[in-house]
2 protein chains.
Amino acid sequence: MAGVRAQQKQKTRQALIEAAFNQLSAEHSFSNLSLREVAREAGIAPTSFYRHFKDMNELGLTMVDEAGLTLRQLMRQARRRIAKGGSVINTSVHTFMEFIEQSSNQFRLLLRERSGTSPAFRAAVAREIKHFILELAHYLETETGVDTHHAHMQAEAMVTLVFSSGAEALDQEPPQRAELTERLKWQLRYIAKGASGYAKHPEPIKK
Amino acid sequence: MAGVRAQQKQKTRQALIEAAFNQLSAEHSFSNLSLREVAREAGIAPTSFYRHFKDMNELGLTMVDEAGLTLRQLMRQARRRIAKGGSVINTSVHTFMEFIEQSSNQFRLLLRERSGTSPAFRAAVAREIKHFILELAHYLETETGVDTHHAHMQAEAMVTLVFSSGAEALDQEPPQRAELTERLKWQLRYIAKGASGYAKHPEPIKK
DNA sequence: AATTTCAGCGTACAACTGTACGCTAAAATA
DNA sequence: TATTTTAGCGTACAGTTGTACGCTGAAATT
């Protein structure tokens, strides 16, 4: 029942995914990857690729899913840290940057394919980011008493800035990264302050 | 002195540039362009390409320059309209969206290659956007009396949001585009309000 | 033990890529 | 008018790509 066979298949499937992630870099985006190269790095013949994915496209979507998973882990970790009592903006930004460092290539995929060339990809990435925004919006609404609609716009703006800075950070050295992080924090504070001023519920928090 | 020869050369050179721009679309980014296809659309033999550019890369950088030019025209027009007395945020956003509609493919190039695969490209695009940010920062500093450093961060955040919305707008239909534009305006207002609160010069405007 | 399933392989091919090389005709220069 | 320059062409080639097809051996099923 262990399935020696299925087990091995899963293993090379993962090898393909990892090979593909490995080949992502600052100067190599997903759409430049070739089926043959990925197969080569995974240690299988080009034609064996089709035993696992119909397409490079299908591989890509799987990769987006995996990156989305990482994104959700990121969110959970940030929430946990905030609950333990850290400044929201500080710990969120810090957590995000940590993840970027650890899982560069997963973020590279999300950040690049967000405005990439394949509609299916863009949709998949958009879906993942939407989660992110909704979650943040919900938090903002309950925590600061901002009107639902404004909470959503605020969250969207914040996520945009965070991702944009993330994209920059990806290809920078730590020293410049720190500076960039500081700037980002200020910018998020602008938004938090500005939005809180613009539209509040009657009371800052629910009964 | 007219230079019948040089004139013709300039003409096909421009034809190459336009052919390349034409082949940019939502599902076709610069790095997927092929020298041969561009030459074909421009109506010359593949090998003749080299009479004009050393490389596809060199073509690309020329295209970025051209798009940068358009960006500057955009800025001038926005300034003109604001001087004529329109709300800053409203007319800026409106002007930007107008340009995106008119010169979709130039913006597509800037927006995509900003986080694209070629370092040279990224640098070139970054340079163009830096102009944009500096100009806006200067405006914010003199007009709202915000501290220099904060003015720059504020400008950066605003430009990030504008470009991000622009990228989304590029592949949307007018009705959704309008909604997106409204959201963007709110987000810019958040920043304006928030930043003005955070750090002001002693006096709102210079002596 | 006999049969079926299937992950992975090797061969093969047509399509496409960038680009080296040498020619030509017309414009520019002398 | 004689000479030089050069934009554009055609041919040619080696490299890479995706993928169709049929085989094999070992795991799974009967």
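The model shown is predicted, which means the values in this text are computed figures rather than measured ones. Just so it is clear: chains get the letters A, B, ... in the order the sequence lines come, proteins before strands, and each one is counted from 1.
Taking 4.5 Å as the limit, some side-chain heavy atom of B:Phe30 sits within range of a side-chain heavy atom of B:Met56. Between A:Phe132 and A:Arg72, the closest side-chain pair of non-hydrogen atoms is not below 4.5 Å.
B:Leu16 has its CG atom 12 Å from the C1' atom of D:dG8, to the nearest Å. Remark: P of D:dT17 and CG of A:Asn32 are 12 Å apart, rounded to the nearest angstrom. When rounded to the nearest whole Å, the span between CD1 of A:Ile44 and C1' of D:dT19 equals 14 Å. Atom NE2 of B:His52 and atom C1' of C:dT19 are 16 Å apart (whole Å). Atom CG in B:Leu33 sits about 10 Å away from atom P in C:dG18, given to the nearest Å. Whole-Å rounding puts the B:Arg13 CZ to D:dA7 C1' distance at 14 Å. In this structure, B:Gln8 places its CD atom 10 Å from P of C:dA27, rounding to the nearest Å. The nearest whole Å value for the distance from the CG atom in B:Asn57 to the C1' atom in C:dT19 is 16 Å.
Considering only the side chain of B:Leu35, C:dG18 comes nearest among D:dG8, D:dG18, C:dG18. The nucleotide whose nearest atom lies closest to any side-chain atom of B:Lys9 is, among C:dT17, D:dA7, D:dT19, D:dA7. When distances run from any side-chain atom of A:Thr12 to the nucleotides D:dA7, C:dA12, C:dG8, the shortest one goes to C:dG8.
In this structure, B:Gln187 CD and B:Met158 CE are separated by 11.0 Å, a value rounded to the nearest 0.5 Å.
For the residue pair A:Gln106 / A:Glu66, no side-chain donor-acceptor distance below 3.5 Å is found, with atom types taken as modelled. A donor-acceptor pair shorter than 3.5 Å cannot be found between the side chains of B:His28 and A:Thr117. Side chains of B:Ser29 and B:Asn32: a donor-acceptor N/O pair is present below 3.5 angstrom, by distance only.
Across every non-hydrogen atom of B:Leu109 and B:Val64, the tightest pair is CD2-N, 3.6 Å.
Contact check, B:Ser48 against D:dC9: a side-chain N or O comes under 4.0 Å of OP1 or OP2.
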Contact letters for nucleotides 20-27 of chain D, in which S counts primed atoms plus P, OP1 and OP2 and B counts the base, heavy atoms under 4.0 Å: BB---BBB
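The residue A:Arg40 sits close only to the backbone: its heavy atoms come under 4.0 Å of sugar-phosphate atoms, none of a base. Heavy atoms of A:Gln10 sit nowhere under 4.0 angstrom from any nucleic acid atom.
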